[in-house]
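Note sheet for the following structure.
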Amino acid sequence: MLILRCPYCGNDVDETDLAPGGEAHIRRHGPGSTDAELTDYLFQRENPRGVHFERWRHAAGCGKWFHAARATDTLQVFGTYSAQTTEPPQEIRDAITKARPGWSWREFS
Amino acid sequence: MSDAVSALGGVSFDGIARIEECGLQGMITLRGDLSDQALAAAVTRATGQKKLPEANRARVAGESGVCWMSPDELLLLVPYEEVGGRLEALVAALKDSHALAVNVSDARAVFRVTGDAAREVLAKLAPVDLSRDAFQPGRFRRTRLAQVPAAFWMEEDESFRIVCFRSVADYVFKLLKVAAQPGSKVGVL
């Protein structure tokens with residue numbers, strides 16, 4: 001069972017109150033991009049054993065989207081943060097580094 | 001005009017806690033910038049509260065009050081008969097603000113859960129920490145009851161009031177009845 005703290009309303013929310021939104025920080029490739037970029041944007045997703053970044057929506061509560069950083073193997077949650085960002089904030093990266101030195105995920109580390 | 005009736009006609013059930021359907025309750029949902037002074041003034045005027053509730057809290061006295069729904073949403077409680085007039089005044093007061101107010105009274109059902117085991121009854125249905133340390137009078141929470149969305153807050157006498165969609169009122173009442181069945185007390189809260 002996963003419990004995430006919604007950064008908007010501050011509640012510790014059970015997984016069953018949330019709607020999963022898939023992988024976080026996906027950069028959109030639209031008109032003018034190459035076929036390879038569009039293919040990656042549409043279909044290629046990370047499937048790590050370890051540090052992962054996801055989007056979630058507090059569906060049964062305040063209704064806001066947010067980001068979460070967690071480990072897929074231990075369910076350790078490193079932190080949740082605002083949806084209004086294109087990359088994980090420094091305090092989240094620091095929290096992950098503390099628990100898992102040398103981690104990397106897509107272009108972030 | 002037709003007679004307005006609440007979803008279940010005020011049914012009640014007595015078990016380890018008392019479950020009642022509250023009858024008609026005027027409700028206005030308001031979206032806007034909650035730090036806007038004009039909005040705060042309009043809301044306090046409409047509901048008779050001195051100020052807006054803090055995050056995750058409700059300020060309710062009887063049939064009037066304000067509940068914090070999300071960082072940009074409030075639920076205003078007003079007496080059912082007065083909802084039209086209060087809404088008109090609210091919309092007029094907010095004409096220069098980026099805000100939206102809608103009467104949702106007839107889209108909702110309201111329940112009250114009273115008694116020593118009220119915490120337990122809700123704890124069986126919602127993934128929320130309802131222990132005395134975590135959940136105190138005035139606290140408001142939007143979550144789910146079994147399979148449907150609902151919101152509830154705790155009154156000063158440690159009873160709960162629950163707001164859910166009218167279309168699932170019967171389901172919620174049955175849920176609460178099962179959770180409050182005589183002899184079903186767990187005794188941990």
Side-chain angles (χ1 to χ4, degrees), chain A residues 1-26 52-93 95 99, chain B residues 29-35 52-58 66-75 100 102 104 107-108 122-131 133-136 138-154 162-165 167-168 171-172 175 179:
Chain A
M1 191 169 73
L2 192 60
I3 294 176
L4 299 176
R5 176 162 296 174
C6 171
Y8 291 92
C9 66
N11 286 310
D12 288 329
V13 183
D14 183 79
E15 188 179 344
T16 55
D17 266 2
L18 301 167
E23 190 173 315
H25 307 305
I26 292 170
H52 197 31
F53 295 85
E54 291 170 326
R55 302 193 311 146
W56 289 88
R57 192 171 84 89
H58 191 183
C62 68
K64 303 296 179 200
W65 282 98
F66 62 91
H67 283 130
R70 68 178 184 103
T72 57
D73 47 0
T74 59
L75 293 193
Q76 180 184 4
V77 177
F78 303 115
T80 55
Y81 51 100
S82 161
Q84 277 71 44
T85 176
T86 52
E87 54 181 66
Q90 195 55 47
E91 66 263 26
I92 297 288
R93 297 185 193 204
Chain B
T29 189
L30 172 66
R31 282 246 175 190
D33 177 3
L34 303 191
S35 60
L52 299 190
E54 288 147 31
N56 296 308
R57 298 197 71 81
V66 198
C67 304
W68 189 93
M69 296 289 273
S70 85
D72 55 2
E73 184 180 349
L74 295 172
L75 181 67
L100 177 71
V102 176
V104 294
R108 305 278 169 85
L122 273 182
K124 288 178 191 176
L125 301 171
V128 175
D129 184 355
L130 285 155
S131 63
D133 296 337
F135 212 93
Q136 291 291 327
R139 185 88 159 73
F140 181 90
R141 180 72 188 259
R142 280 173 86 182
T143 179
R144 66 182 172 90
L145 292 181
Q147 301 192 31
V148 294
F152 53 80
W153 71 93
M154 188 180 242
I162 303 169
V163 177
C164 67
F165 288 115
S167 56
V168 294
Y171 174 78
V172 169
L175 279 180

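In what follows, every heavy atom counts, from backbone to side chain, and hydrogens, waters and symmetry copies are set aside. Residue numbers begin at 1 in each chain, while the letters A, B, ... track the order of the sequences.
Ranked by heavy-atom pairs under 4.5 Å with chain B, the list A/Cys9, A/Gly63, A/Gly10 is led by A/Cys9. By number of non-hydrogen pairs under 4.5 angstrom with chain B, the leading residue of A/Asn11, A/Val13, A/Asp14 is A/Asn11.
By the 4.0 Å N-to-carboxylate-O rule, B/Arg142 lies too far from A/Asp17 to be salt-bridged with it.
The number of heavy-atom neighbours closer than 6.0 Å to CD of B/Gln147, taken from other residues, nucleotides and ligands shown, is 12 or below. For A/Glu91, the CD atom sits in a packed shell: over 12 heavy atoms of surrounding residues, nucleotides or ligands are nearer than 6.0 Å. No more than 12 heavy atoms of other residues, nucleotides or ligands sit less than 6.0 Å from atom CZ of B/Phe165.
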Please determine whether side chain to side chain contact (heavy atoms under 4.5 Å, CB included) holds for the pair B/Ser70 and A/Lys64, giving the CA-CA distance in whole Å, both sets of side-chain angles, and the decisive distance to 0.1 Å. CA-CA 8 Å; B/Ser70 85; A/Lys64 303 296 179 200; 4.1 Å; yes
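Taking each heavy atom of B/Trp68 and A/Tyr8 in turn, the nearest pair found is CH2-O, 4.3 Å.
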